[in-house]
Asker: 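Let me give you the structure first, and then I'll get to my questions.
Please read these numbers as outputs of a predicted model, since none were measured by experiment. Just so we're on the same page: letters track the sequence lines, and every chain starts at 1.
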Protein chains: 2
Amino acid sequence: MNISEAGRRAGLPPKTIRFYEDIGLIAPARMDNGYRDFSEEDLHRLAFLRRARALGFTVEECRQLLGLYHDKTRSSADVKRLAREHLQRVDVQLAELEQMRATLAHLIDACSGDQSPNCPILADLSQTPKG
Amino acid sequence: MNISEAGRRAGLPPKTIRFYEDIGLIAPARMDNGYRDFSEEDLHRLAFLRRARALGFTVEECRQLLGLYHDKTRSSADVKRLAREHLQRVDVQLAELEQMRATLAHLIDACSGDQSPNCPILADLSQTPKG
DNA sequence: GATGGGCCTTCCAGTAGATGGAGGGTCAAC
DNA sequence: GTTGACCCTCCATCTACTGGAAGGCCCATC
């Protein structure tokens, strides 16, 4: 199977698949003409990667998860630990974004949005730290 | 005022300040020896940048915001539009993160986290799209 | 006046995770 | 035989910095 077909079936653009090969996440065979030749196993890995990335795991975490997936002697504790660390990061990001959102919404609400130059948003941004 | 003092007062590392000068967000004067010489106005711009960045505005948006801030003929509607567009982006990111979080939390909850290789997290990641 | 430490400068490289494009090979169809 | 749609590699670009090397400046101390 060539790269565009693999991409279509795994839900990843060919560019991304080549990138994943570059960084050693997959290693598809090659045809005589040099074209990549994707097996079902390659496809499986690609789909795994797409899902793990969609959950926000970093590429390095994906590498570890793939390693665990293929390690029949793994313990689920290792996987769970990785996932929990990631969840903590997600929670931090969520808290930051929610804080941003609250401040932004508050400022937007306070701004008349008319033709006057008077603007609480700019006023807030230009506030000096101690006054 | 030299760069480390400016950084201390604006809450930004010297490296970041140099970077902001590189991309044209600030243009501090220079002393005879080539050192940057920050005015109160420069400090004000730096503090503005720090706050706008902390609210998640991109550097290009910060550039526009600074432009509006110094434009006495601005209308607050322009500022509000920028802020609203940004808020929409934040909301999209929040929705994505919350979706991630929910899935992750669900998977983590389902995983025993013991020494068995059996792991619902890996099972989910390796699911093929149609079964 | 030599030396040391702590600043400052510029420039280059690297980060994450792709994505875009140039330049060129391959292949099937018309 | 020549389009057009693929494929290949390699390099550049994006965001917003951050780290480090190599070297200059300034002040204090011996």
Asker: Can you tell me the distance, in whole Å, between the CZ atom of A:Arg30 and the C1' atom of D:dC8?
Answerer: 8 Å
Asker: Write down the distance between CD (A:Glu60) and P (C:dT15), rounded to a whole number of angstrom.
Answerer: 11 Å
Asker: In the structure I gave you, are the side-chain heavy atoms of B:Leu82 and B:Leu68 within less than 4.5 Å of one another anywhere?
Answerer: yes
Asker: Filter on ring pair (Phe, Tyr, Trp, His ring centres under 6.0 Å), then keep only pairs touching residues 82-108 of chain B, sequence neighbours left out; what's left?
Answerer: B:Phe57-B:His86
Asker: Working to the nearest 0.5 Å, report the span between CG of A:Leu65 and CG of A:Leu55.
Answerer: 9.5 Å
Asker: Assigning hydrophobic clusters by single linkage (Ile, Leu, Val, Met, Phe, Trp, Tyr; side-chain heavy-atom cutoff under 4.5 Å), is B:Tyr35 placed with B:Ile3?
Answerer: no
Asker: How many angstroms lie between NE2 in B:His44 and CG in B:Leu49, if you round to the nearest 0.5 Å?
Answerer: 10.5 Å
Asker: I need the single residue from B:Arg89, B:Arg84, B:Arg81, B:Arg53 that forms a salt bridge (Lys or Arg N to Asp or Glu O under 4.0 Å) with B:Glu61. Which is it?
Answerer: B:Arg89
Asker: Look only at the side chain of A:Ser76 and the backbone of B:Asp114, and say whether a donor-acceptor pair between them is shorter than 3.5 Å.
Answerer: yes
Asker: Quick one: label B:Ile23 by what it contacts on the DNA or RNA (base, sugar-phosphate, nothing), any heavy atom closer than 4.0 Å.
Answerer: nothing
Asker: Heavy atoms only, 4.0 Å cut-off, all strands: where does B:Arg18 land among base, sugar-phosphate and nothing?
Answerer: base
Asker: To the nearest Å, how far apart are B:Glu21 CD and D:dC17 C1'?
Answerer: 16 Å
Asker: Students often get this wrong, so: under 4.0 angstrom with heavy atoms, is A:Tyr20 touching a base, only sugar-phosphate, or nothing?
Answerer: sugar-phosphate
Asker: Near A:Glu5 CD, under 6.0 Å, is it more than 12 heavy atoms from other residues, nucleotides or ligands?
Answerer: yes
Asker: Phosphate oxygens OP1/OP2 of C:dA16: is one of them under 4.0 Å from a side-chain N or O of A:Thr58?
Answerer: no
Asker: In this structure, how many angstroms lie between the C1' atom of C:dT26 and the CG atom of A:Asp37, rounded?
Answerer: 15 Å
Asker: Does A:Thr16 make a side-chain N or O approach to OP1 or OP2 of C:dT19 shorter than 4.0 Å?
Answerer: yes
Asker: Atom CG of B:Asp22 and atom P of D:dC17: how far apart are they, to the nearest Å?
Answerer: 13 Å
Asker: Hey, are the side chains of B:Arg101 and B:Glu96 touching, using non-hydrogen atoms and a 4.5 Å cut-off?
Answerer: no
Asker: Which whole-number value in Å describes the distance from A:Ile17 CD1 to D:dC8 P?
Answerer: 10 Å
Asker: Between the two ends of the helix from C:dG1-D:dC30 to C:dC30-D:dG1, what is the bend in degrees, rounded to 10 degrees, where each end axis spans five pairs?
Answerer: 40°
Asker: With a non-hydrogen cut-off below 4.0 angstrom, is B:Pro13 in contact with a base, only sugar-phosphate, or nothing?
Answerer: sugar-phosphate
Asker: Closest approach to the side chain of A:Ile3, judged atom by atom: which nucleotide of C:dT19, D:dC7, C:dC7 is it?
Answerer: D:dC7
Asker: Under a 3.5 Å distance rule, please check whether B:Asp37 uses its side chain to pair with a backbone N or O of B:Arg30 as donor and acceptor.
Answerer: no
Asker: What does the list of N/O pairs under 3.5 Å between the protein and nucleotides 23-25 of chain C look like, with a distance for each?
Answerer:
unit_1, atom_1, unit_2, atom_2, d
C:dG25, N2, A:Tyr35, OH, 2.8

Asker: Between P on C:dA22 and NZ on A:Lys15, what's the gap in Å once rounded to a whole number?
Answerer: 11 Å
Asker: Looking only at side-chain N and O atoms, does B:Arg36 come under 4.0 Å of OP1 or OP2 in C:dT10?
Answerer: yes
Asker: Starting from the 5' end of DNA chain D, give me the residue, B:Val59 or B:Asn33, whose nearest nucleotide shows up first.
Answerer: B:Val59
Asker: So which nucleotide from D:dT18, D:dC7, C:dA18 ends up closest to the side chain of A:Ser4?
Answerer: D:dC7
Asker: Give the nucleotide from the list C:dT19, C:dC8, D:dT18 with an atom nearest to the side chain of B:Asn2.
Answerer: C:dC8
Asker: Separation of B:Met31 atom CE from D:dC25 atom P, in whole Å?
Answerer: 13 Å
